[in-house]
Amino acid sequence: MTLDIRTERRLRRIGRLMAARLVLLLAILGAALALARVDRSFSEGQDLGLYGTIVFAFLSTVAFAAIFPSVKRAGRFGAALVATDLITISALVHYTGGSESVFAPLFVLVVVCAAVLFGRAGAYVAAALAATSFGAVLVAERIGILSIYGGAAPPVLPVEFAHWAVHAGAQVVVGLLASGLSRELDRTGEDLERSRSDLRRLRSLHERTVGSLLSGLLTTDTIGIITSFNPEAEHITAITEAMALGRPIDEVLPGARERVMQPAEAGRTGRTRARILYKNHLGATLHLGLAGSILREADGSAVGHVVIFQDVTQVVEMEGELRRSERQAAIGRLSAAIAHEIRNPLAAISGSIQMLRSASQAAGDDDSRRLMEIVLRETERLDGLITDFLQYARPAPPKLGSVALAPLVRDLVEMFEKSRSSENPIEVCVDVEEGLAVTGDPSQLRQLLWNLYLNAAQAMPEGGRLLIAGKAAPPLPQGRPAAGRNAAEEEGTPFAELVVVDTGVGIAPEVIDRIFDPFFTTRQEGSGLGLATVHRIVESHGGSLRVESTVGAGTTFRIRLPQAEEPQ
């Protein structure tokens with residue numbers, strides 16, 4: 001059963017009063033020993049009663065302490081404690097001189113305890129009971145019910161009544177004052193409890209807010225030592241909060257101090273923003289967007305810095321895709337116009353040269369015929385290049401259908417092995433799940449794979465290993481941006497992943513962002529349209545394409561295409 005706040009507060013006060021009660025009993029024991037030593041008139045019965053009362057008080061304290069942890073009704077427990085104290089003090093007063101007892105003022109403490117536990121009403125009731133108990137002891141001694149200790153006869157009645165009246169008045173006054181203090185204490189306790197509750201709610205809200213942010217957030221002191229680190233910061237950096245706290249910010253986010261904290265250190269006020277390339281604790285390379293500001297106290301004094309950062313890798317890739325698409329569109333329009341202008345005169349040249357070659361063959365002019373064959377060959381190559389231009393610039397819309405990947409890959413691998421030279425032995429491995437199908441145009445998918453095969457072969461002039469693997473792609477995690485994700489993947493469409501891996505020379509980091517640009521090539525004989533066409537086909541099929549490469553170790557192309565049911 002859950003206790004209410006008032007009961008919990010009363011139990012805490014009872015616990016403190018019991019501790020004070022034990023201290024007081026030790027003082028009473030010391031005083032009793034001192035009285036017995038100084039006043040030799042104590043009778044055997046008086047000593048027995050006095051020490052018996054003290055023993056009773058100690059035993060009752062032990063009993064109360066034993067049952068205190070299981071108490072649910074604090075009012076009843078407190079009332080029993082007050083009643084026991086009244087009985088104990090009455091006995092002490094009786095055995096140590098009645099109205100002249102040094103322990104008579106202890107009744108006042110009982111009234112104070114009652115005021116603390118029960119407020120004004122409890123103080124008045126306790127004062128009345130204390131006065132009644134004291135008066136009852138005096139009356140019982142006067143009429144002979146109780147033995148008289150400390151003197152031959154009780155004082156005269158007016159004097160004894162004066163003693164009682166002074167004690168009773170003091171108890172009433174103390175009850176009045178103690179109840180007022182108790183009310184103030186209650187109000188203060190309630191205000192404090194409300195403040196604590198508000199603080200707990202505020203702290204909980206703060207922790208939930210910071211923990212729910214989809215941005216990394218850290219704070220530092222004035223010299224750049226990290227003092228807080230939220231869960232998203234742990235996710236982005238792959239560093240736990242325990243590892244980050246107490247470390248300089250540049251050990252966790254290299255370059256952040258200079259980029260977003262320097263203005264604060266220089267005394268300027270505006271917020272700063274920056275973007276950095278970052279490799280996290282797991283080795284993943286990310287683009288981070290950072291924002292920094294000064295952390296200030298309520299009086300405006302600077303006590304540190306706040307740094308907020310996000311993984312903007314997807315945004316950077318989207319910006320690159322947008323720039324690439326813009327370049328491709330512009331180059332495509334230009335190439336289409338130029339190709340049309342070149343193709344007609346090229347056809348006329350080719351026809352004229354063929355007629356001249358026939359004439360030179362009839363005349364036996366071998367030199368002229370050989371030169372004309374060179375012109376025709378180069379004309380055919382130029383015509384093929386222009387055909388590629390037109391195919392890239394004005395692609396036919398894909399005729400989508402369900403395409404089984406395994407047979408398609410095997411057919412193209414067979415063609416590839418027959419077409420390549422035996423001088424550069426390439427081991428081809430195929431690992432495509434049977435029954436895996438994608439939604440696509442079969443002819444365009446053939447062209448896509450063929451271009452990747454040729455690109456891999458050209459990257460392995462001394463031979464190597466080519467792996468083509470295909471499987472159902474695992475779903476991308478929802479609720480968090482992921483690089484390469486498109487609209488279809490956001491909607492939960494199942495995708496298949498096709499991976500083409502070679503062990504060739506690799507691609508240099510400074511050019512890897514340009515390999516899908518039209519007419520960009522690192523080979524002298526290349527046209528720069530192969531990978532650009534691959535990118536366009538993947539894009540037109542609603543898929544995504546990513547490349548990973550290490551110079552001297554090879555290149556991996558990862559293609560995600562919408563999955564379909566296997567064709568019958």
Side-chain angles (χ1 to χ4, degrees), residues 395-420 422 424-460 463-478 482-504 516 530-531 533-550 553-568:
K399 298 178 181 178
L400 301 179
S402 181
V403 181
L405 281 182
L408 180 67
V409 169
R410 284 194 293 266
D411 289 347
L412 286 173
V413 166
E414 185 177 351
M415 291 174 56
F416 173 71
E417 290 182 331
K418 289 180 180 179
S419 64
R420 63 187 174 86
S422 59
N424 58 334
I426 296 176
E427 178 188 359
V428 181
C429 300
V430 177
D431 183 18
V432 179
E433 291 180 0
E434 293 294 336
L436 184 64
V438 297
T439 300
D441 185 322
S443 61
Q444 291 192 13
L445 293 180
R446 283 176 173 272
Q447 184 181 7
L448 179 152
L449 288 173
W450 184 254
N451 286 349
L452 289 179
Y453 291 174
L454 292 181
N455 185 77
Q458 292 161 0
M460 298 184 289
R465 184 172 182 268
L466 175 63
L467 169 66
I468 304 100
K471 62 179 180 179
L476 293 174
Q478 298 296 324
R485 178 184 292 190
N486 56 31
E489 288 172 299
E490 290 285 357
E491 295 172 358
T493 302
F495 272 66
E497 185 176 64
L498 195 60
V499 182
V500 179
V501 185
D502 66 62
T503 58
F516 298 117
L531 291 180
T533 301
V534 168
H535 185 275
R536 180 190 56 74
I537 292 173
V538 172
E539 195 175 56
S540 66
H541 280 69
S544 60
L545 173 61
R546 298 189 66 177
V547 59
E548 305 161 4
S549 185
T550 303
T555 302
T556 300
F557 288 90
R558 298 185 181 275
I559 303 161
R560 294 172 70 97
L561 296 171
Q563 194 172 343
E565 295 183 359
E566 185 180 8
Q568 300 298 323

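For the numbers below, each heavy atom of this structure counts, side chains included, while hydrogens, waters and symmetry mates do not.
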For the [atom1] atom of [X] and the [atom2] atom of [Y], what is their distance to the nearest 0.5 Å?
X: Q444; Y: T533; atom1: CD; atom2: OG1; value: 10.0 Å
X: T503; Y: R465; atom1: OG1; atom2: CZ; value: 8.0 Å
X: T556; Y: R546; atom1: OG1; atom2: CZ; value: 12.0 Å
X: L448; Y: L408; atom1: CG; atom2: CG; value: 9.5 Å
X: L466; Y: F416; atom1: CG; atom2: CZ; value: 6.0 Å
X: D502; Y: I426; atom1: CG; atom2: CD1; value: 9.0 Å

Are [X] and [Y] packed together at the side-chain level, in the sense that at least one heavy-atom pair is separated by less than 4.5 angstrom?
X: L400; Y: H541; value: yes
X: V403; Y: L561; value: no
X: Q563; Y: L436; value: yes
X: N451; Y: L531; value: no
X: Y453; Y: I468; value: yes

- Task: Could you check whether the rings of F557 and F516 sit parallel, tilted or perpendicular, using 30° and 60° as the cut-offs?
- Result: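 Geometry flag for F516 against F557: perpendicular rings.
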- Under the side chain to side chain contact (heavy atoms under 4.5 Å, CB included) rule, collect the residues that match up with V432, sequence neighbours excluded.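 By the side chain to side chain contact (heavy atoms under 4.5 Å, CB included) rule, V432 matches L405, A406, V409, V430.
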- Query: Residues in side chain to side chain contact (heavy atoms under 4.5 Å, CB included) with E414, at least two apart?
  - Reply: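 By the side chain to side chain contact (heavy atoms under 4.5 Å, CB included) rule, E414 matches K418.
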- Return the minimal non-hydrogen interatomic distance between A437 and S402, and the atom names on each side.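 Here A437 and S402 meet closest at CB-OG, 3.8 Å.
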